[in-house]
Amino acid sequence: MNSNLTNIFKGDKVIWMIFFFLCIISVIEVYSASSRLTYGVDAYWTPILKHIGILFMGVLSMLVVLNVKCKYFKLVTPVLLPFAFITLIWALVGGENKNDASRWVSMMGISFQPSEIAKGAIILATAQILSAMQTAKGADSKAIKYILIVLAFIVIPIMVENLSTAVLIVVTVILMMFIGRVPMRQLGKLLGVLAIMGVLAVSSILIVGKRDNTVKNSDKQNLTEEVKKEKKENSIEKILHRADTWKGRIYDFFDNEYIPPEKFDLDENAQVGHANIAIASSKGIGKGPGNSTERDFLTHAVSDFIYAIIVEEMGLIGAIVVAALYIMLLFRAGRIASRCENAFPAFLIMGLAIMLVMQALMNMLVAVGLAPVTGQPLPLVSKGGSSSVINCIFIGVMLSISRSAKKNDAIPSANHGYMQIME
């Protein structure tokens, strides 16, 4: 029996345990937070059964991937990158529009977000470039040029509809280049250019966005359908048609005006308001699983704001446990990377871990009001479709790498360079 389980659950046992606990938390909290999805219907179990089915598909995909040797992942990159780029353009031109954003495409009856596939593609490409161009003194000076070319083809189509995902990818790649010992002078110049571009981007959002920054929260008005239609007819503003949403989130986050609870407009800022109520009503100890009240009011309780429901029901202990699981995943990935004999698997596992942990961090900061609303789900916990399956595949890749890593603490040759950062 133990032998059969060992044959199934291959790879690092710590990663398996982290994955197992996140899935258990996901099932419990998604079931609790699905009340809005069951209003007016008798199929109360449908949302959670669907979610469990998606997780089951993810686990099956993960089991397949973890049995693939790491060297074969390189063969996927030349196929995955063009596919990601084509589907991203497809999503922009003729994708499905949800929540005023065109992020989904349908293929053979399956709907998915191309940006989720693009995450894996860019991490694979970056890991390959860094590993192929490693020298005894670090990455070759030309490596950053190739990485940025690939990054531009992926990030530019994403940022039009999903700015937070574009930022997530850029930050992940920069951290991978730092681990891959890209010359600090080049990274410094890159960060300077990105800072200038960030200022220009924010300025463009504030200019193009139709929201009046002189109006307080209680007096803000939504754009009429006529204004929205007129806006989309403008070629420049069509590209930045989500500028209104971004501008509103920026002003909401940086608006330090104190608003008494009785005057807070829950119709205008429902997500942030109910998330804050959920966290405050936990009183630190939580209400217990299934006892959330704000799940009935949060429109994205099962996805973007599920961490607020976790805090409401599980209190500070539950919040800390969930955050600790992601931190453990990052440190475990670093430990496995330090045992890899080759640079490619080390960069790949660190890139995937950084991506998952950074996304989790963004979600948790938004839920507790420390960052503007981004729409990023909590990896492996939030209710999802293609994103949940793809995140399971990412875990499968990490498990595959852990299988080939050394079982001792011996440090590979310095010729790979990356070990001096990992130590």
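The structure presented is a predicted model; accordingly, all values stated were derived computationally and were not measured. Nothing fancy with the numbering, it's 1 onward along the sequence.
Just one residue in the list Arg295, Lys287, Lys283 forms a salt bridge (Lys or Arg N to Asp or Glu O under 4.0 Å) with Glu312, and that residue is Lys287. When Arg332, Arg403, Arg335 are each tested for a salt bridge (Lys or Arg N to Asp or Glu O under 4.0 Å) with Asp12, only one passes: Arg332.
With hydrogens and angles disregarded, no donor-acceptor distance shorter than 3.5 Å links the side chain of Asn162 to the backbone of Ile158. At least one donor-acceptor pair closer than 3.5 Å links the side chain of Trp16 to the backbone N or O of Lys10. Between the Lys13 side chain and the Gly11 main chain, a donor and an acceptor come within less than 3.5 Å of each other. A donor-acceptor distance shorter than 3.5 angstrom exists from the side chain of Ser61 to the backbone of Met57, with no hydrogens or angles considered. Between the Ser402 side chain and the Leu399 main chain, a donor and an acceptor come within less than 3.5 Å of each other. Although no hydrogens or angles enter the test, the distance criterion places a donor-acceptor pair under 3.5 Å between the side chain of Gln134 and the main chain of Gly180. Listed for the Ser400 side chain is a donor-acceptor partner under 3.5 Å among the backbone atoms of Val68. Between the side chain of Gln186 and the backbone N or O of Val182, no donor-acceptor pair lies under 3.5 Å. Looking only at distances, no side-chain donor or acceptor of Ser382 sits under 3.5 Å from a matching main-chain atom of Pro377.
Under the 4.5 Å side-chain criterion, counting only non-hydrogen atoms from C-beta, Val59 is in contact with Phe19. Ile306 is not listed as a side-chain neighbour of Lys383, based on a closest heavy-atom distance of 4.5 Å or more. Counting only heavy atoms from C-beta outward, the side chains of Ser26 and Leu55 approach each other to under 4.5 Å. Between Phe394 and Pro379 the shortest side-chain heavy-atom distance does not fall below 4.5 Å. Inter-residue side-chain proximity for Ile310 and Val381 is flagged as met; some heavy-atom pair is nearer than 4.5 Å. Within the 4.5 Å cutoff, side-chain heavy atoms of Ile123 are placed close to those of Leu348. Between Glu116 and Phe112 there is no side-chain heavy-atom pair separated by less than 4.5 Å. Between Phe73 and Leu124, the closest side-chain pair of non-hydrogen atoms falls below 4.5 Å.
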Problem set entry | Check against side chain to side chain donor-acceptor pair (under 3.5 Å), Gln113 and Ser386 | CA-CA 7 Å; Gln113 294 189 66; Ser386 59; 5.3 Å; no
For this session: Check the pair Leu148 / Val173 against side-chain contact (heavy atoms from CB on, under 4.5 Å), numbers first and verdict last.
Result: CA-CA 9 Å; Leu148 291 179; Val173 170; over 6 Å; no
Exercise. What do the steps show when you test Glu29 against Met314 for side-chain contact (heavy atoms from CB on, under 4.5 Å), and what is the final call?
Worked result: CA-CA 10 Å; Glu29 294 302 327; Met314 303 296 188; 3.2 Å; yes
Exercise. Would Ile390 and Ile117 satisfy side-chain contact (heavy atoms from CB on, under 4.5 Å), going step by step from the backbone distance to the final call?
Worked result: CA-CA 7 Å; Ile390 291 173; Ile117 297 176; 3.8 Å; yes
Problem set entry | Full working for side-chain contact (heavy atoms from CB on, under 4.5 Å) between Leu329 and Leu325 | CA-CA 6 Å; Leu329 180 65; Leu325 287 172; over 6 Å; no
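When all heavy atoms of Asp304 and Asn363 are compared, the pair lying nearest together is O-ND2, 2.9 Å. The two atoms that bring Val30 and Val302 nearest to each other are O-CG1, 4.1 Å, heavy atoms only. Nearest heavy-atom pair, Phe305 versus Ala275, reported as atom, atom and distance to 0.1 Å: CD2-CB, 3.6 Å. Nearest heavy-atom pair, Tyr307 versus Ala323, reported as atom, atom and distance to 0.1 Å: OH-CB, 4.4 Å. Considering all non-hydrogen atoms of both residues, Gly385 and Ile54 come closest at O-CG2, 3.6 Å. Across every non-hydrogen atom of Ser115 and Leu88, the tightest pair is N-CD2, 3.8 Å.
Distance check, rounded to the nearest 0.5 Å: OG1 of Thr77 to CD1 of Ile129 gives 9.5 Å. Summarising the geometry, atom OG belonging to Ser388 is positioned 15.0 Å from atom CZ belonging to Phe56; distances are rounded to the nearest 0.5 Å. Of the inter-residue distances, the one linking Met184 atom CE with Met177 atom CE reads 11.0 Å to the nearest 0.5 angstrom. If you take NZ on Lys119 and CG on Leu168, they are separated by 5.5 Å, rounding to the nearest 0.5 Å. Going from atom CG of Leu151 over to atom CD1 of Ile144 covers 10.0 Å, rounded to the nearest 0.5 Å. Expressed to the nearest 0.5 Å, how far CD1 of Ile401 lies from CG of Leu352 amounts to 6.5 Å.
Side-chain contact check for Gln376 and Ser164: at least one donor-acceptor pair (N or O, by modelled atom type) lies under 3.5 Å.
Taking the ring centre of Phe344 as origin, the terminal cationic atom of Lys71 falls outside the region bounded by 6.0 Å and 45° from the ring axis.
Within 6.0 Å of the CG atom in Leu60, the count of heavy atoms belonging to other residues, nucleotides or ligands exceeds 12.
Classification of the Phe85-Phe153 ring pair by plane angle, with boundaries at 30° and 60°, yields perpendicular.
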